[in-house]
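Side chains included, hydrogens not; waters and symmetry mates left out as well; all remaining heavy atoms used. Fair warning: this is a prediction, and the values are worked out from it, not measured in the lab. Residue numbers begin at 1 in each chain, while the letters A, B, ... track the order of the sequences.
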Protein chains: 2
Amino acid sequence: MKRDSRLSAVLHALLHMAERDTPMTSDALAQCLGTHPVVVRRTMGLLREAGLVTADRGHAGGWRISADLTKVTLRQLHEALGEPALFAVGNRSEHPSCLVEQVINAALDTAFADAEALLLQRFESVTLAALAADFTRRHGAHRSRHRHEA
Amino acid sequence: MKRDSRLSAVLHALLHMAERDTPMTSDALAQCLGTHPVVVRRTMGLLREAGLVTADRGHAGGWRISADLTKVTLRQLHEALGEPALFAVGNRSEHPSCLVEQVINAALDTAFADAEALLLQRFESVTLAALAADFTRRHGAHRSRHRHEA
DNA sequence: TTTCATGTAACAAACGATGTTACGTTAGTG
DNA sequence: CACTAACGTAACATCGTTTGTTACATGAAA
């Protein structure tokens with residue numbers, strides 16, 4: 001099954017942007033993500049509509065983060081992307097007339113609802129700032145060493 | 001994203017089979033499920049390989065449940081189907097060279113792992129017998145009323 | 001031996017995510 | 001004012017996966 005990787009992609013983009021203080025163009029982000037600039041605009045556009053980033057046109061334009069990194073959670077990003085379905089398995093029909101299928105749907109639905117609640121709760125507990133800090137913690141020494149060499 | 005509905009489908013088939021004491025043909029099941037007999041054989045074949053059902057050819061042939069309904073859990077069915085991916089969202093690449101993406105993957109992976117563990121635990125706690133009983137509880141009165149009318 | 005059934009391979013259709021092209025719009029630069 | 005750099009967006013192409021379908025082989029019972 002083909003997985004939706006946009007959440008992973010926007011995280012990747014946002015963390016790269018957080019490492020800089022100048023805007024990043026769609027072309028630059030596309031190169032980071034190994035994709036096409038139009039795909040970047042399409043996906044980042046959803047974050048713009050949610051007020052998380054801004055895009056400036058023309059010279060020296062590009063994408064900038066417009067929200068507080070300590071306030072933005074994975075859940076907000078998930079919502080900004082339109083809350084795509086989290087599960088790759090599910091019921092055959094959502095409102096079946098067959099009584100057997102109604103029982104099955106009820107059983108599966110509660111299981112999936114519980115798992116979804118847990119997942120969203122985890123999403124809510126992770127901020128962009130935490131991820132950025134995690135990055136610095138894991139690779140900060142590496143980077144500062146390079147900076148000293150330069 | 002297109003959802004894998006085979007777990008739901010085999011549950012539907014098994015519960016219909018549990019309601020009878022004679023084998024059901026692929027054509028009969030296909031009619032129940034609104035699909036094609038070959039799809040039924042393809043999917044039920046996985047359950048046969050797992051030892052959960054048997055298939056007899058020729059006259060009066062068809063599919064029969066060969067396992068104890070109180071022992072078969074949703075998790076076993078999920079495994080019998082080859083443990084298809086449960087989530088529709090995920091990482092862009094599983095082993096990225098980009099350090100940023102490694103941090104993102106780590107964060108997402110733990111969240112998804114926790115949710116998957118919960119979901120599988122729920123699957124493990126539901127037996128076919130429990131679903132069948134649930135069916136009888138919810139619709140048994142309805143059925144016996146019909147039986148009396150007939 | 002005919003009919004009913006599964007087993008399986010090969011192919012077709014449908015769908016969704018992603019990639020691409022094309023063109024429009026806006027903003028800075030010379 | 002023309003030029004260039006960037007986003008905005010619609011339309012189309014591509015790719016992979018799931019599901020549906022056809023065709024044919026195999027086995028069992030009447």
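Annotation: side chain of A:R75 is not in contact with side chain of A:S125 (no heavy-atom distance under 4.5 Å). Between A:L120 and A:E124 the shortest side-chain heavy-atom distance does not fall below 4.5 Å. Two residues are said to be in side-chain contact when any heavy atoms from C-beta on lie closer than 4.5 Å; A:P23 and A:M17 fail this criterion. Residues A:L15 and A:L128 are in side-chain contact: their nearest non-hydrogen atoms beyond the backbone lie under 4.5 Å apart. Looking at B:L47 and B:L77, their side chains come closer than 4.5 Å, going by heavy atoms from C-beta outward.
Counting to the nearest Å, the P atom of C:dA17 and the CZ atom of A:R3 are 14 Å from each other. Residue A:D27 contributes atom CG, which lies 13 Å from atom P of C:dT21 at whole-angstrom precision. Nucleotide C:dA17 holds its P atom 13 Å from the CG atom of A:L86, rounded to whole Å. In this structure, CG of A:L33 is placed 12 Å from P of C:dT18, rounded to the nearest angstrom. Rounded to whole Å, atom P of D:dT17 lies 13 Å from atom CZ of B:R6. Going from atom CD of A:Q31 over to atom P of D:dA6 covers 13 Å, rounded to whole Å. Atom CZ in B:F87 sits about 17 Å away from atom P in C:dA17, given to the nearest Å. We find that CE of A:M44 is positioned 16 Å from P of D:dA6, with the value rounded to whole Å.
Within 4.0 Å (heavy atoms only), B:G62 reaches sugar-phosphate atoms of the nucleic acid but no base atom.
Neither OP1 nor OP2 of D:dA6 sits under 4.0 Å from any side-chain N or O of A:T25. Distances shown here put a side-chain N or O of A:S5 below 4.0 Å from the OP1 or OP2 atom of C:dT18.
Every salt bridge (charged side-chain N to carboxylate O under 4.0 Å, His left out) that B:D56 has, sequence neighbours left out, goes to B:R64.
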Could you list, one pair per line, each protein nitrogen or oxygen that sits under 3.5 Å from a nitrogen or oxygen of nucleotides 11-14 of chain C, together with the distance?
none

Taking it one step at a time, do A:F112 and B:L119 satisfy side-chain contact (heavy atoms from CB on, under 4.5 Å)? CA-CA 7 Å; A:F112 282 115; B:L119 190 54; 3.5 Å; yes
Audit row: B:T73, B:V126, side-chain contact (heavy atoms from CB on, under 4.5 Å) steps and yes/no: CA-CA 5 Å; B:T73 66; B:V126 179; over 6 Å; no
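Using a 3.5 Å distance cut-off with no hydrogens or angles, the side chains of B:D27 and B:T25 do not pair a donor with an acceptor.
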Produce a footprint string for nucleotides 22-30 of chain C: one letter per nucleotide, 5' end first; B if the base is under 4.0 Å from any protein heavy atom, S if only the sugar-phosphate is, - if neither. --BBBBBS-
